[in-house]
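Notes follow once the structure below has been shown.
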2 protein chains.
Amino acid sequence: MVVRSRKGTGRTRRAGEAPLPRAVIERLARYHQITSRAGAAGQSYISSAELAELVGVDATMVRKDMASAEISGRPKVGYFIGDVISRLDQVLGLEQRKDAVLIGAGSLGSAIARYGGFGRFGLKISGVFDADYSRVGQSIGDHVILPMEKCKSVIQIFGVRIAVLTAPASAAQELADWLVGQGIRGIWNFAPVDLRVPAGVVVRNENLALGLAQFLHQLSKAEGAELRV
Amino acid sequence: MVVRSRKGTGRTRRAGEAPLPRAVIERLARYHQITSRAGAAGQSYISSAELAELVGVDATMVRKDMASAEISGRPKVGYFIGDVISRLDQVLGLEQRKDAVLIGAGSLGSAIARYGGFGRFGLKISGVFDADYSRVGQSIGDHVILPMEKCKSVIQIFGVRIAVLTAPASAAQELADWLVGQGIRGIWNFAPVDLRVPAGVVVRNENLALGLAQFLHQLSKAEGAELRV
DNA sequence: TAGATTGTTAATCGATTAACAATC
DNA sequence: TAGATTGTTAATCGATTAACAATC
């Protein structure tokens with residue numbers, strides 16, 4: 001076995017596959033968004049200064065981030081937007097089309113199912129499921145809500161490896177276990193629970209309550225500062 | 001003027017008001033969530049080891065975080081859950097009741113308006129508004145959708161300083177400008193746009209597309225690792 | 001060419017971890 | 001008391017910034 005990584009070294013990968021730190025990835029995703037918008041507005045090049053301004057970081061850091069994504073620009077001109085997007089698509093893993101099932105057709109689930117914007121990232125919702133029979137059969141956007149019993153076969157037929165979990169907190173862990181058993185390898189979790197999954201399964205918690213707590217903290221800090229000045 | 005902060009020093013505040021780094025705040029919010037749950041389950045004390053395990057960080061870091069929030073525990077016992085929650089409520093600014101207006105009663109806005117869970121953080125939605133007259137008058141949860149024209153007076157009457165912005169991206173900046181003009185000091189923004197606001201106004205972007213991009217990156221990394229092993 | 005912008009190396013800063021002392 | 005757990009200081013590590021060289 002060649003690939004063997006000791007904690008913290010991260011030196012055991014093929015060239016060009018350096019594991020980028022989370023902070024870098026977050027910024028790359030923002031560059032992607034901004035650059036796409038600039039491209040849609042007709043721009044062909046974008047400078048590190050412009051990106052830095054919009055993201056609120058130092059231009060040097062933008063250039064470093066670009067370097068770590070192996071994107072190079074041209075002195076006096078900037079980065080070619082086509083390059084930036086196609087390379088960031090690769091780095092962020094937005095290229096291949098990916099099927100997903102959505103579990104839980106409550107109000108948040110419906111909002112996500114209806115929102116078409118994720119197609120841009122290659123994410124395709126192949127089926128929307130709910131355990132509540134009173135919801136089954138209703139349509140949300142292009143989808144018809146299916147009973148959980150059908151979920152297993154949809155996962156198999158389409159080879160789905162991603163689940164969007166918008167079920168109630170009380171059911172989330174049990175559903176996650178079941179999904180992993182069916183071959184799901186990534187869960188985009190909107191239930192306010194820290195899911196426990198086996199190693200190798202990726203969970204991203206989109207925890208709105210945490211976001212709100214952070215927002216309120218910023219706010220109370222800002223109000224405090226105001227009172228003091 | 002006593003309060004004068006030179007960039008980077010952060011040494012010019014009253015004792016006990018050290019500006020906690022964002023990473024610490026994020027963890028504190030998670031401790032808050034976990035501790036609340038443990039309390040609800042009947043536990044009275046929680047150890048740094050338990051928190052560390054659930055959050056996926058080192059126990060030493062939990063203790064340091066607790067220290068920076070001025071929460072102290074008892075050797076051999078752990079942290080008293082009552083202390084943790086009440087102190088974190090203070091630090092995170094979850095104590096006072098805060099009124100908010102919600103702008104944009106589309107599917108995401110409706111999901112948020114319907115979701116009662118934010119009351120726990122002191123956030124109270126005082127009114128739901130939409131510019132689309134076909135939506136006005138419909139009810140979502142406990143709220144009735146009001147026309148934008150009424151928004152101004154609701155802000156004034158209740159002294160609202162927080163807005164939840166779930167309008168389409170195309171309208172978001174204009175709405176933000178208007179809201180700030182009406183006295184709003186904090187915007188919890190769900191539109192996929194980086195809002196520009198005057199200094200002193202707090203914006204938190206809850207950008208699902210960024211979240212998805214990060215999730216997909218993790219996933220592609222994990223799949224890659226799998227193939228290599 | 002001169003000037004603007006990228007690219008890179010070195011220095012700084014801050015956050016995390018390790019080691020161990022303090023305490024119930 | 002012995003043992004478990006918190007609390008704190010010092011060491012390490014990584015990320016950010018500054019300075020400057022390279023290049024179109």
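Just so it is clear: chains get the letters A, B, ... in the order the sequence lines come, proteins before strands, and each one is counted from 1.
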Take B:R204 and B:E206 through the test side chain to side chain contact (heavy atoms under 4.5 Å, CB included) and record every step on the way to the result.
CA-CA 6 Å; B:R204 174 164 173 109; B:E206 212 63 61; 3.0 Å; yes
Applying side chain to side chain contact (heavy atoms under 4.5 Å, CB included), run through A:L165 and A:L175 and close with a yes or a no.
CA-CA 8 Å; A:L165 190 53; A:L175 283 166; 4.1 Å; yes
Side chain to side chain donor-acceptor pair (under 3.5 Å) between B:Q43 and B:E50, intermediate numbers included
CA-CA 12 Å; B:Q43 225 171 301; B:E50 185 174 351; 3.1 Å; yes
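With C:dC24, D:dT17, D:dT9 as the choices, the nucleotide that has an atom nearest any side-chain atom of B:R74 turns out to be C:dC24. Comparing D:dC24, C:dT17, D:dT17 by their nearest atom to the side chain of B:D58 picks out C:dT17. Checked against D:dG7, C:dT17, D:dT23, the side chain of A:P75 finds its nearest nucleotide in D:dT23. Side-chain proximity of B:R63 to D:dT16, C:dC24, D:dG7: nearest is D:dG7. Comparing C:dC24, C:dT17, D:dA18 by their closest approach to the side chain of A:T60 singles out D:dA18.
In this structure, the NZ atom of A:K64 is 9 Å from the C1' atom of D:dT17, given to the nearest Å. When rounded to the nearest whole Å, the span between CE of B:M61 and C1' of D:dT8 equals 15 Å. Atom pair B:F80:CZ and D:dT5:P shows a separation of 18 Å (rounding to whole Å applied). Separating the CG atom of A:L51 from the P atom of C:dT5 is a distance of 13 Å, rounded to the nearest angstrom. Counting to the nearest Å, the P atom of C:dG14 and the CZ atom of B:R22 are 16 Å from each other. The distance from atom CG of B:L20 to atom P of C:dA15 is 10 Å, rounded to the nearest whole Å. When the P atom of D:dT6 is taken as reference, atom CG of B:D83 falls 14 Å away, rounded to whole Å. Distance A:K76 NZ to C:dA4 P: 8 Å, rounded to the nearest Å.
Contact check, A:Y79 against C:dG7: a side-chain N or O comes under 4.0 Å of OP1 or OP2. At D:dT5, none of the side-chain N or O atoms of B:S47 fall inside 4.0 Å of OP1 or OP2 (strictly under the cut-off).
You'll find the side chain of B:V201 stays beyond 4.5 Å of the side chain of B:I184, heavy atoms only.
The partner of D:dT12 is C:dA15, by the rule that a Watson-Crick or G-U pair needs both atom distances under 3.5 Å. Of the nucleotides present, C:dT6 is the one that pairs with D:dA21 by Watson-Crick or G-U wobble criteria, both distances under 3.5 Å.
Note on ring orientation: taking the six-membered ring where Trp is involved, the planes of A:F215 and B:W188 are parallel (angle under 30°, cut-offs 30° and 60°).
Contacts of A:R27 with the nucleic acid, taken as non-hydrogen atoms under 4.0 Å apart, involve only primed sugar atoms and P, OP1 or OP2.
Between B:V77 and A:M66, the residue anchored closer to the 5' end of DNA chain C is A:M66, taking for each the nucleotide with the nearest heavy atom.
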